[in-house]
Amino acid sequence: MKFIQCSTGALLAALVLTPALQARPIVFARSTTAMAEYREGALAEAQVFYAPTYYLSYGLGHFELENEDMSARHYVTYARLNLLAKRWNLPAAQGNVFLWGGAGRAQIEDMYLQPAVSGEPSEHDHGESPTPEPVFVPAQHDFAWNAGGQIDFETRRIYTSFKTDFHYSSIFWHRADTLQFGFAPYQHDVDTLATWFVVSGRRYSGNMHEGTEVALLLRFFKKKTWIEAGATTDGKLQAMAMFNF
Amino acid sequence: MNKKLCMMIVSLVAGAAAHADTIEMKVNGLVCGFCAQGVEKILRENPATADVVVSLENKLVVVTTHEGKDIPDAHLKTAIADAGYEVKAITRTTRTIDEIRGELLSAAK
């Protein structure tokens with residue numbers, strides 16, 4: 001997997017301008033939240049959480065990573081507990097500190113190239129050898145634990161957050177730090193569509209891949225649905241959807 | 001004549017009382033639609049609640065109760081705290097929730 005190698009200046013600019021409405025592990029009391037996120041060439045993740053109170057939620061998650069040379073896939077399936085450790089309620093703003101931790105199973109699948117099955121030569125064959133097919137086979141698995149946190153500050157016009165997420169097992173580890181800044185061109189209300197422009201800077205580290213990426217995202221949010229999509233500065237798709245019920 | 005006057009007064013007082021079940025709360029921390037949903041969900045769990053309106057712009061939560069029912073201030077504060085927010089002021093008004101909803105819609109245009 002190739003990550004964006006942006007200039008230090010661009011990254012700093014993104015970080016200083018920073019953050020936009022980042023999904024929260026707890027939305028509101030007695031609600032269920034389903035989230036799915038896709039980052040082309042990096043990871044795919046899905047989570048489902050139930051929040052019995054406004055400060056606690058628990059649920060399951062699964063994410064997949066590919067290493068830079070595409071020679072293996074890494075999976076983690078986990079159970080997680082999320083805690084809203086602190087909230088500041090201001091007249092026109094809100095700040096939060098979230099912490100989470102959990103455990104699960106990590107697995108690596110190695111890729112090998114399986115020669116394509118060739119049948120009887122036909123009149124259309126011109127001596128070209130069949131293209132090998134990539135096949136992933138389970139190679140290793142182990143217990144994994146995870147921990148992380150998020151701090152955010154939000155008004156109806158700006159949003160800023162920093163999030164760190166860490167997965168560790170004996171077979172691999174992975175960490176992602178995300179800084180976001182969001183700007184709303186207008187102030188939405190309960191029944192109107194919320195629109196956000198988001199700059200997202202993310203740094204990956206671990207023993208599979210390392211790198212930094214900056215993405216520009218457009219986010220829409222109304223009632224129980226949140227959808228965002230955009231691209232990194234090197235043109236890779238990023239998308240996320242969240243449903244609350 | 002006196003009887004008619006008494007009936008009118010009783011009628012006016014009763015009318016005012018019928019509208020006295022609308023509660024307006026100023027609430028801190030309301031910045032997004034999810035905040036509003038959380039507050040509304042908690043308040044609707046109270047059997048006395050008839051309707052709820054939330055305005056992010058006005059930092060306002062309005063509750064109307066079923067006829068003859070009331071929700072004490074302490075219960076309202078607890079409900080809002082259980083949703084994760086903070087009540088700054090509670091007032092009871094003779095305006096109906098539909099009137100308030102209409103005013104909010106007009107102001108938003």
Side-chain angles (χ1 to χ4, degrees), chain A residues 20-33 51-57 83-96 98 152-160 182 184 186-196 219-226 242-245, chain B residues 24-47 49 51-64 71 75-91 97-109:
Chain A
L21 210 57
Q22 192 150 288
R24 290 173 175 167
I26 309 170
V27 177
F28 57 80
R30 295 188 268 289
S31 69
T32 300
T33 303
T53 73
Y54 79 92
Y55 57 83
L56 188 74
S57 74
L83 175 71
L84 172 59
K86 178 66 180 173
R87 168 170 287 173
W88 294 272
N89 284 312
L90 305 172
Q94 183 189 112
N96 299 286
F98 294 96
D152 60 54
F153 176 82
E154 179 183 0
T155 72
R156 292 164 65 213
R157 291 303 286 266
I158 62 158
Y159 177 89
T160 181
Y186 59 90
Q187 294 191 107
H188 73 286
D189 214 306
V190 175
D191 294 318
T192 55
L193 178 71
T195 303
W196 289 84
R219 178 174 297 158
F220 298 108
F221 163 47
K222 187 174 183 182
K223 299 285 185 184
K224 302 174 186 301
T225 305
W226 162 323
M242 182 166 80
F243 305 98
N244 195 269
F245 46 90
Chain B
E24 295 184 32
M25 292 180 279
K26 285 287 183 183
V27 177
N28 275 2
L30 298 178
V31 292
C32 69
F34 283 149
C35 308
Q37 289 176 52
V39 166
E40 187 171 342
K41 184 164 189 163
I42 292 277
L43 289 170
R44 286 189 185 279
E45 288 175 359
N46 190 317
T49 300
D51 199 1
V52 180
V53 169
V54 179
S55 167
L56 303 180
E57 175 67 26
N58 297 281
K59 307 164 191 66
L60 183 68
V61 177
V62 184
V63 183
T64 187
I71 306 175
H75 292 191
L76 291 165
K77 287 179 180 173
T78 300
I80 298 295
D82 286 346
Y85 304 94
E86 183 184 359
V87 175
K88 299 307 290 182
I90 301 177
T91 55
I97 198 165
D98 286 336
E99 287 171 347
I100 296 170
R101 187 180 275 122
E103 289 170 15
L104 293 173
L105 283 173
S106 299
K109 287 177 183 174

Closest non-hydrogen atom pair between [X] and [Y], with its separation:
X: B/Ile42; Y: A/Ala29; answer: CD1-CB, 4.1 Å
X: B/Val31; Y: A/His188; answer: O-CE1, 3.8 Å
X: A/Arg87; Y: B/Ala83; answer: NH1-O, 4.2 Å

Does any heavy atom of chain B fall under 4.5 Å from the side chain of [X], the backbone, both, or neither of them?
X: A/Asp189; result: both
X: A/Arg30; result: both
X: A/Thr53; result: neither
X: A/Lys224; result: both

Which bit of B/Glu40 comes within less than 4.5 Å of chain A, counting heavy atoms only: side chain, backbone, both or neither?
->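 Neither part, no heavy atoms under 4.5 Å.
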
Working to the nearest 0.5 angstrom, can you tell me the gap between [X] [atom1] and [Y] [atom2]?
X: B/Cys32; Y: A/Glu154; atom1: SG; atom2: CD; result: 5.0 Å
X: A/Arg156; Y: B/Lys59; atom1: CZ; atom2: NZ; result: 7.0 Å
X: A/Asn244; Y: B/Lys41; atom1: CG; atom2: NZ; result: 7.5 Å

Report the option among A/Ala92, A/Ser31, A/Ala51 that has the most heavy-atom pairs separated by less than 4.5 Å from atoms of chain B.
->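 The option with the most such pairs is A/Ala92.
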
Min side-chain heavy-atom separation B/Leu56-A/Val190 under 4.5 Å |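 With C-beta onward as the side chain, the pair touches.
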
Close side-chain approach of A/Phe221 and B/Phe34, heavy atoms under 4.5 Å =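 Side-chain contact under 4.5 Å: yes.
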
Enclosure of A/Tyr55 OH (heavy-atom neighbours >12, cutoff 6.0 Å) |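 Open: at most 12 neighbouring heavy atoms sit under 6.0 Å from OH of A/Tyr55.
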
